[in-house]
Colleague: 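Sharing a structure, written as structure tokens. Questions coming.
Proteins come first, then strands; the chains are lettered A, B, ... in the order of their sequence lines, and each starts at number 1. Here the structure is a predicted model, which is why all the values come from computation and not from measurement.
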Amino acid sequence: MSDTPSVPPEFPAYDPAAIEAIWQHRWAEQGTNSPELWTGADPYYQLMMFPYPSGEGLHIGNLFAFTGADIHGRFQRQQGRTVFEPIGFDSFGIQTENYAIKVGQHPAQLTPRNVARFRGQLTRAGLMLDWSKEVITSDPSYYKWTQWLFLQLYKQGMAYKKAAAVNWCPNDKTVLANEQVIDGHCERCDALVEQRLLEQWFFRTSHYSQRLLDNMTALDWSEITRQAQRNWIGRSEGAHLTFRVANAHDVTVFTTRPDTIFGATWLVLAPEHPLVAQLVTPAQLAEVDAYLERTKTQDVVSRKVNKEKTGVFTGAVGINPATGKPIPVWIADYVLMEYGTGAVMGVPGHDERDFEFAEKFALPIIRVVTPADGDADAPLTEAYASKLESDLLVNSAQFSGMPVPQAKKAVVAWLEERGNATPVINYRLNDWCISRQRYWGPPIPIIYCDSCGPVPVPEDQLPVVLPLIEDFRPDDSGISPLARHDEWYRVPCPTCGIMSRRETDVSDNFLDSAWYFLRYPSADRSDVPFDRALTQRWLPVTTYIGGNEHAVLHLLYSRFITMVLHDGGFLDFDEPFTRFRAHGMIIREGAKMSKSKGNVVNPDELIERWGADSLRTYLMFLGKYEEGGDYRDSGITGVRRFLDRIWGSVHECVTTGEPDPAVLRKLHATIKKVGEDIPALGYNTAIAAMMEYVNVLRASERTIHRDEVRPLIQLVAPFAPHIAEACWDILGGHESVFDSGWPAYDPALLVSDTITIAVQVNGKTRGTVSVGKDATQADVYAAALQEPNIAKFVDGEPKKIIYVAGRLLNVVM
RNA sequence: GCCCGGGUGGCGAAAUGGUCAGACGCGGGGGACUUAAAAUCCCCUGACCGCGAGGUCAUGUGGGUUCGAUUCCCACCCCGGGUACCA
């Protein structure tokens with residue numbers, strides 16, 4: 001009882017597996033990660049993009065993304081907010097279906113297995129997920145409401161049916177998604193893909209183009225993401241111009257360059273343009289038919305990829321409303337029916353594509369625009385398509401000499417008077433085709449009745465359950481596999497009762513994910529898709545973190561759905577995500593990870609070997625979260641050592657004596673730094689700052705005071721939650737470290753009485769001087785001259801002295 | 001082609017007008033402890049010249065602005081991502 005131990009007391013080695021198991025169990029048992037949604041103060045909805053539960057299990061990239069979001073959420077919780085961090089599975093869709101076909105199993109069997117595996121992995125990774133609100137999109141309790149959503153859009157006139165082209169494989173006799181068409185060939189059988197017109201369901205996203213654009217200015221989103229959306233919406237200002245055509249209907253074109261109309265030497269229609277049949281003259285009929293046939297037997301993808309100009313003359317002749325001259329009307333597949341009016345005027349002098357076309361078909365090329373100092377008659381060897389505001393019109397009658405921006409307005413006004421023009425704003429954003437001629441998705445809840453037409457399935461009859469059929473593969477019938485099941489698709493009309501047919505298409509996977517964030521808080525409710533009051537309390541999502549590969553489609557569709565629900569009176573807000581941050585991509589040793597390269601990192605093995613805390617922290621240490629990182633196998637040891645040192649410090653620290661003031665200063669600087677870096681997603685520098693502190697804390701095997709190490713545990717907790725809980729417990733914490741708050745720093749400790757000023761002579765640093773914190777320029781200069789190493793460079797009177805208060809003095813000789 | 005990112009030590013990366021650029025970590029070298037090794041701890045580590053003090057060069061390339069540039073401007077090269085006949 002009297003012996004003073006001569007060796008330091010032993011303490012258990014840091015054993016991540018054991019610690020992590022204990023705390024994960026405790027979190028689950030005590031519901032630590034399931035906040036009280038109705039009463040919790042200061043709600044903070046921390047959302048991460050839910051995964052598609054692939055057969056391969058959780059990818060390290062998923063883990064990188066989720067960990068970054070989780071750290072943000074855990075930090076917010078330590079700021080005293082009630083943080084809701086839900087998770088779910090995007091389990092419907094073509095990816096799962098294709099995988100099921102590949103491995104020869106049914107997606108309905110595969111999905112629960114994959115989901116179970118993901119659950120295990122996500123739990124093992126120590127994410128602060130509220131599993132009590134899990135959402136699985138392929139579960140009838142979820143897709144019931146996806147179908148409900150379709151019905152609301154239908155009621156609001158936002159869903160409609162029209163014919164649209166799909167990729168069709170004539171060999172497999174099935175519809176293909178764009179990504180299944182490789183170079184114009186079917187990815188499975190290599191047959192040449194063609195296009196087919198099918199009646200499909202669309203959502204009127206285009207109705208919201210301007211609002212989707214306008215609202216964006218108020219969103220706190222990564223700028224790259226906003227820019228991607230702006231480009232996608234593609235607003236462009238221009239005009240509709242109308243051309244008379246002899247013996248036929250007028251042709252209206254869209255152009256952003258009405259000023260160039262004097263140079264329009266032909267008209268071109270898309271092959272699908274409705275006026276084509278009317279315009280063709282008997283003499284040209286055979287040639288035109290042949291061309292139309294050719295464009296039809298081309299898949300949707302390669303038509304856009306193949307830039308070689310083709311076309312055919314219709315025989316029709318239009319009148320250029322500006323010049324009054326006759327111009328030929330052509331058909332060419334470089335004109336897209338889905339953009340503008342499906343017809344353009346050919347202005348070869350000032351449009352690259354038109355120039356190519358003119359060269360190929362020997363059409364006249366007229367210059368109507370020239371640089372300010374240019375020659376009106378200089379021949380064009382390529383299209384002059386500059387956007388310079390100083391460009392002037394030439395060869396354009398009364399408009400010659402006018403600058404382009406002014407001419408755009410003047411020409412439209414002039415033609416407008418004659419009824420030949422209307423100013424319009426056009427968007428490239430198309431309506432959203434949600435029909436999929438597939439099996440693994442929510443059936444679209446519509447019934448076709450011979451006497452009533454399309455009838456929505458009454459809401460009290462939802463869900464329209466996806467039947468469990470064995471032959472779920474797409475086959476040679478050319479329509480959805482569901483159409484092969486009479487017993488499923490033959491139903492009485494809800495209105496008149498006569499035998500009718502169900503819609504056999506399922507909806508797009510993107511529809512499942514366009515509203516899942518609304519479902520989470522209400523996931524346990526079977527009577528409503530989302531509870532109005534609870535939604536009001538938790539949404540819009542406070543912070544959404546996800547990959548920028550979804551910058552356009554998923555985020556745009558989610559915004560669209562939110563707007564529609566708002567306008568339908570279901571929501572009080574019309575933007576779903578207040579703050580969005582795109583994380584970067586994780587690569588390995590400079591290369592993209594892929595199965596074919598065999599360089600995929602397996603998170604399970606890493607967690608087993610190093611622990612979840614080390615892996616989490618290491619992933620965040622690789623680089624800027626928003627830029628991604630380069631995963632290298634050797635680096636994780638440094639992070640593990642860092643956690644080991646924290647573990648050691650917690651066990652070795654004493655409560656006698658006082659903390660070292662110098663260490664405390666560093667501690668408070670670290671608290672400040674980490675507290676500023678985490679909300680800005682500067683995780684790598686936050687970790688570096690903590691490492692620096694640990695180096696100071698343990699320098700020269702000094703004795704560590706408990707008060708020097710305790711706040712560090714709170715700082716490291718978002719990154720390494722398990723070891724933090726364990727350490728907090730050891731240091732006498734009575735609650736979870738995540739309910740212990742965040743340490744405050746004392747600003748007074750961060751300023752010292754003396755400051756070090758760099759002294760440069762002619763811009764070269766020659767030394768530093770230590771002066772009082774209120775020193776003036778003169779004080780610093782005087783002090784500098786006392787330093788021989790500085791003074792020797794100062795010879796005579798300086799020409800100039802620049803003083804940056806508190807930082808630097810530059811003496812210019 | 002167009003729109004975004006990004007080029008800094010042997011490597012992952014810090015610092016975006018101001019203290020010899022390179023924090024933090026990996027890797028490497030040296031030392032302490034140990035019978036030895038591991039672990040741990042301490043020191044060094046951009047390149048070149050010099051015994052040394054010290055000096056020279058260095059943030060993709062070339063210009064420019066400035067007392068001062070990795071940081072701002074212009075041109076170009078390379079890498080990554082997105083998008084693509086959008087009139």
Colleague: Is the ring pair A:H550/A:H554 parallel, tilted or perpendicular, if the boundaries are 30 and 60 degrees?
Modeller: perpendicular
Colleague: What's the gap between B:C79 and B:C86 when it is taken at their P atoms, as a whole Å value?
Modeller: 26 Å
Colleague: Using both distances under 3.5 Å as the test, list the Watson-Crick or G-U wobble partner of B:G27, or none.
Modeller: B:U45
Colleague: Would you classify A:N810 as touching base, sugar-phosphate or nothing, given that sugar-phosphate means primed atoms plus P, OP1 and OP2, and contacts are heavy atoms under 4.0 Å?
Modeller: base
Colleague: How is A:E223 classified with respect to the nucleic acid when contacts are heavy atoms under 4.0 Å: base, sugar-phosphate, or nothing?
Modeller: nothing
Colleague: Check this for me: does any side-chain nitrogen of one of A:E308 and A:K360 sit under 4.0 Å from a carboxylate oxygen of the other?
Modeller: yes
Colleague: Between A:Y334 and A:F357, is the ring centroid distance below 6.0 Å?
Modeller: yes
Colleague: Base, sugar-phosphate or nothing for A:I802? Non-hydrogen atoms, less than 4.0 Å.
Modeller: base
Colleague: Pick base, sugar-phosphate or nothing for A:V812, based on heavy-atom distances below 4.0 Å to the nucleic acid.
Modeller: sugar-phosphate
Colleague: Is a donor from one side chain sitting under 3.5 angstrom from an acceptor on the other, for A:Y384 and A:D391?
Modeller: yes
Colleague: Any side-chain heavy atom of A:Y208 sitting closer than 4.5 Å to one from A:L429?
Modeller: no
Colleague: OP1 or OP2 of B:A14 less than 4.0 angstrom from a side-chain nitrogen or oxygen of A:K673, does that happen here?
Modeller: no
Colleague: Counting side-chain heavy atoms from C-beta on, which of B:A23, B:C85, B:G12 comes nearest to A:R353?
Modeller: B:C85
Colleague: Nearest to the side chain of A:M691, which nucleotide is it out of B:C86, B:G27, B:G25?
Modeller: B:G25
Colleague: Would you classify A:L622 as touching base, sugar-phosphate or nothing, given that sugar-phosphate means primed atoms plus P, OP1 and OP2, and contacts are heavy atoms under 4.0 Å?
Modeller: sugar-phosphate
Colleague: Quick test: give all pairs of protein nitrogen or oxygen and nucleotides 39-45 of chain B nitrogen or oxygen below 3.5 Å, distance rounded to 0.1 Å.
Modeller:
unit_1, atom_1, unit_2, atom_2, d
B:C41, OP1, A:R645, NH1, 2.4

Colleague: Can you tell me, in whole Å, how much space there is between the C1' of B:G27 and that of B:A13?
Modeller: 14 Å
Colleague: With rounding to whole Å, what would you report as the distance between B:G28 and B:G10 at their C1' atoms?
Modeller: 8 Å
Colleague: Nearest to the A:L336 side chain among B:C86, B:C3, B:C26, which nucleotide is it?
Modeller: B:C86
Colleague: Kindly state whether the ring of A:F64 and the ring of A:Y625 have centres lying under 6.0 angstrom apart.
Modeller: yes
Colleague: Return the nucleotide paired to B:U35: Watson-Crick means purine N1 to pyrimidine N3 with N6-O4 or O6-N4, wobble means G-U with N1-O2 and O6-N3, both under 3.5 Å.
Modeller: none
Colleague: Just checking A:N426: base, sugar-phosphate only, or nothing, at a heavy-atom cut-off of under 4.0 Å?
Modeller: nothing
Colleague: Could you work out the separation of B:G55 and B:U35 based on their C1' atoms and round it to a whole Å?
Modeller: 48 Å
Colleague: Among the nucleotides B:A87, B:C3, B:A23, which one has an atom lying closest to any side-chain atom of A:D351?
Modeller: B:A87
Colleague: Which whole number of Å gives the distance between the C1' atom of B:G17 and that of B:C67?
Modeller: 12 Å
Colleague: Side chain of A:Q227 only, heavy atoms from C-beta on: which candidate in B:C24, B:C3, B:C26 is closest?
Modeller: B:C3
Colleague: Do we get A:R559 above A:W221's six-membered ring, with its NZ or CZ under 6.0 Å from the centre and within 45° of the axis?
Modeller: yes
